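Position 1 is the first residue of the sequence; numbering continues from there. Since this is a predicted model, take the numbers as computed values, not measurements.
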Amino acid sequence: MDYLKTVVPSQLLAERGSNLVVINPGSANIRVGLAKQDSPFSIPHCIARRSNQLPKLNVQDQLLNSQVTTAQHMEREKAYDVIASLLKIPFLDEEVANNSVPRKMGRVDGYNPQNTRKDGAFTWTDTHVKDLNSSVPQESSSDKSVIAESLVQNEGTESKEPTLAELKFREVIFGEEALRISPTEPYSLRRLIRRGHLNISQHYPMQQVLEDLHALWDWILLEKLHIPHQERSLYSAILVVPETFDNREIKEILSILLRDLRFSSAVVHQEGLAAVFGNGLSTACVVNLGAQVSSVICIEDGVALPNTEKTLPFGGEDISRCLLWTQRHHQTWPQIRTDILTKPIDLLMLNRLKESYCEIKEGELDAIAVVHSYEDAMPAGSHKTRLTALNVPPMGLFYPTLLIPDLYPPPPRSWFHDYEDMLEETWHIEFPRRSDMPDGLYPGSNVGLQMWDNYPFVSMKPKKEEKVGLAEAITSSILSTGRIDLQRKLFCSIQLIGGVALTGGLIPAVEERVLQTIPSNEAIHTVEVLQSRTNPTFVSWKGGAILGVLDFGRDAWVHREDWIRNGIHIGSGRKYKDSYFLQAQAMCYINS
């Protein structure tokens, strides 16, 4: 413990983080890196496999209700008008004479301190592997079925002999390249996680999902971290899982890490808990605003309170879809075929526009932007246009009927039946007194475990999604703790994480909306969102790195041989997850 108080944090990360791989999987992206790195690699969580049966790109397991019903459309229009009255802008179908209201116009070359605008077009992925080693390809019956021969003429004025190149389709394409495949190419695109769960359905069997997960993660380890197969046993993995994951999902991923990817050991941490340590806190209400799911959970003294957990089935991608709907309704979107279902590259463009131009502020918010059209393997077309009502889509976080999140086919409910909890209920554990821990930091000292006695034990799986807005979810989560002193502390310690947390004006909007949502009979009058010390998009990854580096005893780690031989079985007394002692260690280090 004296060493922890004197060592420089960067030195500690460099010494102990060189063989720790931190993995934080999400619905849209996976963040992976060595614990010693300042920031992780962020890679789209998808894979595309070549298909002999499909003549063109197929997005496997498409949206279940891609068509908006009349009732949903009416609810969306109603939500828009409510938001418009709050933002002091015209209603959805209100006709406003030109120049009758002063507009806030954003310049296409202007500087936005919230994010750097990118107007460059995406390019289609080259799906062929070129083999130029031989000038004349060897012909065979098997080659002819998979090889397309083309004559490649060198550019320029130099007179060179044309080179005959073999063009083979790449069998597997990973990450962003998979999202940029042209709709005319014979590939099946698969997203590994949907709405916070493994994307298992009747169209995408569990075994196929797990095989694709293994293939993508193995590619990341080889191509991004440069860890070959023969050296994997020298590394350990820290798995930072979303709160939405269920026990069965965690176990399957642990098996991939230890059995297939051959890490020597692994440990599981919750995303919300890791985010708290990533920002050097011990108590906070963590609001995770992801691409497809938003979640809320309260942390007290380094321990997650499970009955405070709320899951909302919408996120940043829904804001992007709402942006497209808003522009089409106002007829500001160019006359181009933008289809995020069959052309994932269009979603990439919409996400970029949202990150660059959408923010929450009063008054009409317009901007001149460059929109791109992507037509079947043709170069991207550029269209300069005026986007309007850019402050409306992010307000859908508070009025989710504006977003109309698309539903996905859920896995069979029996798939989640599991009787072992991977995330240990620390308030039910007897802890011995440790003489080497400072007073007040370890259970069994002055704090004790009585503080957990009033929390009901809840372990229902799968986890229920809430049908409320973000402000109501935050308020409900904090008030469910049942203690006024803790409630006041949590309302002043709200932490926003995830990519959507970078939205301009979101912090004051959350503070205002949450304060209005607190019942009048509650003696709480202050709400504060804490500024993140780390980039909100990977603060959970950073917290996982800190927890892994500070875990000297490694009592909660799973070892490869033990997992393959025994796994987890009822009555074993062995739980592979966060230990309270580890959390107290980290808190002591952070506060020293």
How close do Glu511 and Val529 get, heavy atom to heavy atom, and via which atoms?
-> OE2-N, 2.9 Å

Would you kindly check if the NZ (Lys) or CZ (Arg) of Arg352 is within the cone defined by 45 degrees around the ring axis of Phe122 and under 6.0 Å from the six-membered ring centre?
-> yes

Of all residues at least two apart in sequence or in a different chain, which pass the salt bridge (Lys or Arg N to Asp or Glu O under 4.0 Å) check with Glu472?
-> none

Do the charged groups of Arg321 and Asp318 touch, with an N to O distance under 4.0 Å?
-> yes

Give a yes or no on whether Asp81 atom CG has more than 12 heavy-atom contacts from other residues, nucleotides or ligands under 6.0 Å away.
-> yes

Qualifying residue, where the test is side chain to side chain contact (heavy atoms under 4.5 Å, CB included) with Thr332 and the options are Asp366, Thr388, Val371 | Thr388

With a 4.5 Å heavy-atom cut-off, do Val32 and Ile43 have their side chains touching?
-> no

Residues in side-chain contact (heavy atoms from CB on, under 4.5 Å) contact with Ser27, at least two apart in sequence or another chain = Ile193, Gln292

Check salt bridge (Lys or Arg N to Asp or Glu O under 4.0 Å) between Arg337 and all other residues, then give those that pass, not counting sequence neighbours.
-> Glu375, Asp376

Would you please indicate if the ring centroids of His197 and Phe245 are separated by under 6.0 Å?
-> no

Excluding sequence neighbours, so at least two apart, what forms side-chain contact (heavy atoms from CB on, under 4.5 Å) with Ala291?
-> Ala28, Glu317

Check the angle between the aromatic planes of Tyr374 and Trp124 and answer parallel, tilted or perpendicular using the 30° and 60° thresholds.
-> perpendicular

In terms of heavy-atom contacts, does CD of Gln516 have more than 12 from other residues, nucleotides or ligands at under 6.0 Å?
-> yes

Those residues that, when tested against Arg180, pass salt bridge (Lys or Arg N to Asp or Glu O under 4.0 Å) (two or more places apart) = Glu176

Side-chain contact test, heavy atoms from C-beta onward, threshold under 4.5 Å: evaluate it for Arg31 versus Val240 and give yes or no.
-> no

Do the non-hydrogen side-chain atoms of Leu397 and Ile319 ever get within less than 4.5 Å of each other?
-> yes

Can you tell me which residue pairs pass the salt bridge (charged side-chain N to carboxylate O under 4.0 Å, His left out) test with a partner in residues 388-400, sequence neighbours excluded?
-> none

